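The shown structure was predicted, so the numbers you read here are calculated from the model rather than taken from an experiment.
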Amino acid sequence: MAAGGARTGKRRELLRFATVGLAAFGLTLGTNYGLKLTVLQEKPVTALAIATVVATAFAYLLSRRWAFHTRGGRRRLHEATLFFAVNAIAVTINLCPPLISRYVLRLEVPEVSFLVQEIADFVSGMLLGTAAGSAFRWWGYRRWVFPVAGARQTSAGRSLSARNANSIRSR
């Protein structure tokens with residue numbers, strides 16, 4: 001029974017992580033194209049980097065309060081520092097595909113049409129980069145940022161690990 005409950009909890013956590021990620025993806029997409037089509041037309045990778053950093057701050061708030069609300073084990077400043085460090089690495093991972101697309105494969109105007117450039121930017125940055133960065137984030141959050149399951153208080157005021165310890169003692 002305990003293994004089934006742990007699997008269900010991990011699935012719920014993964015679903016919440018994915019939901020936060022989807023919301024952050026939408027924010028990244030909107031911010032990226034808002035910047036790229038206006039003030040950063042000549043700097044598409046910079047636009048994506050800025051958009052990713054904005055979405056990261058948003059994701060921290062939702063991750064801490066909702067996706068990983070029962071996990072913890074660190075003081076808030078240490079946790080936030082690790083969250084942003086994991087995300088700095090994830091941003092680097094996220095930026096590798098569009099950098100390769102633009103500057104190695106030369107999928108940019110005038111070598112290709114504007115439409116091909118934009119499709120390449122979307123596929124490399126928004127799809128491939130985001131997928132690779134998200135996989136790293138999932139692993140990094142659980143490994144370093146929120147390492148202890150059941151470390152935070154529940155609505156009843158006790159940590160999940162304390163509740164589990166009490167139920168074992170009462171058997």
Visitor: How close do Phe17 and Ala67 get, heavy atom to heavy atom, and via which atoms?
Guide: N-CB, 3.9 Å

Visitor: Roughly how far, to the nearest 0.5 Å, is CZ of Arg75 from OG1 of Thr81?
Guide: 13.0 Å

Visitor: Would you give the length of the straight line joining atom OG1 of Thr56 to atom CG of Asn87, rounded to the nearest 0.5 angstrom?
Guide: 4.0 Å

Visitor: Quick check for you: to the nearest 0.5 Å, what is the distance between Arg7 atom CZ and Leu14 atom CG?
Guide: 14.5 Å

Visitor: If every non-hydrogen atom of Asp121 is compared with every non-hydrogen atom of Arg102, which pair is closest and at what distance?
Guide: OD2-NH2, 2.6 Å

Visitor: Look at the side-chain heavy atoms of Ile, Leu, Val, Met, Phe, Trp and Tyr, link any pair under 4.5 Å apart, and say whether Ile100 and Val116 land in one connected group.
Guide: yes

Visitor: Over all heavy atoms of both residues, which pair between Ala55 and Thr28 is shortest? Give the atoms and the distance, please.
Guide: CB-OG1, 3.0 Å

Visitor: For Glu111, I'd like to know if atom CD has over 12 heavy atoms of other residues, nucleotides or ligands within 6.0 Å.
Guide: yes

Visitor: Examine Val145 and Phe84 and state if one hydrophobic cluster contains both, with Ile, Leu, Val, Met, Phe, Trp and Tyr joined whenever side-chain heavy atoms are less than 4.5 Å apart.
Guide: yes

Visitor: With no hydrogens and no angle check, just 3.5 Å: does a side-chain donor-acceptor pair link Tyr60 and Glu79?
Guide: yes

Visitor: Can you tell me how far apart CG (Leu48) and CG (Leu40) are? Round to the nearest 0.5 Å.
Guide: 11.0 Å

Visitor: At their closest point, which heavy atom of Ser63 faces which heavy atom of Tyr141, and how far apart are they?
Guide: OG-CE1, 4.3 Å

Visitor: In Å, rounded to the nearest 0.5 Å, how long is the span from CG of Leu82 to CH2 of Trp144?
Guide: 9.0 Å

Visitor: Would Phe68 end up clustered with Ile89 when hydrophobic side chains under 4.5 Å apart are linked, directly or stepwise?
Guide: yes

Visitor: Check Glu118 with Lys36, please: is the shortest side-chain N to carboxylate O separation under 4.0 Å?
Guide: yes

Visitor: Sub-3.5 Å donor-acceptor pair from the side chain of Thr92 to the main-chain atoms of Ala88, do we have one?
Guide: yes

Visitor: Given 3.5 Å as the limit, does a donor-acceptor pair link the side chain of Arg137 with the main chain of Ala90, or not?
Guide: no

Visitor: Quick one: do Glu108 and Tyr103 satisfy side-chain contact (heavy atoms from CB on, under 4.5 Å)? Show the steps, please.
Guide: CA-CA 8 Å; Glu108 61 182 342; Tyr103 305 116; 4.1 Å; yes

Visitor: Kindly work out whether a path of hydrophobic side-chain contacts (I/L/V/M/F/W/Y, heavy atoms less than 4.5 Å apart) joins Phe136 to Phe146.
Guide: yes

Visitor: Within the side chain of Gln117, is there an N or O that forms a donor-acceptor pair under 3.5 Å with the backbone of Leu107?
Guide: no

Visitor: Drop me the distance from Leu128's CG to Ser101's OG, to the nearest 0.5 angstrom.
Guide: 9.0 Å

Visitor: Specify the closest pair of heavy atoms between Asn94 and Gly125, including all atoms of both residues, with the distance to one decimal.
Guide: ND2-O, 3.2 Å

Visitor: Show the numbers, then the answer: is there a side-chain contact (heavy atoms from CB on, under 4.5 Å) between Phe25 and Met126?
Guide: CA-CA 8 Å; Phe25 179 81; Met126 298 307 297; 3.7 Å; yes

Visitor: Should Val53 and Val86 be counted in the same cluster of Ile, Leu, Val, Met, Phe, Trp and Tyr side chains packed under 4.5 Å apart?
Guide: no

Visitor: Show the numbers, then the answer: is there a side-chain contact (heavy atoms from CB on, under 4.5 Å) between Phe58 and Val20?
Guide: CA-CA 9 Å; Phe58 170 77; Val20 170; 5.6 Å; no

Visitor: Quick one: closest heavy-atom pair of Pro97 and Ser124, and the distance?
Guide: CB-O, 3.1 Å

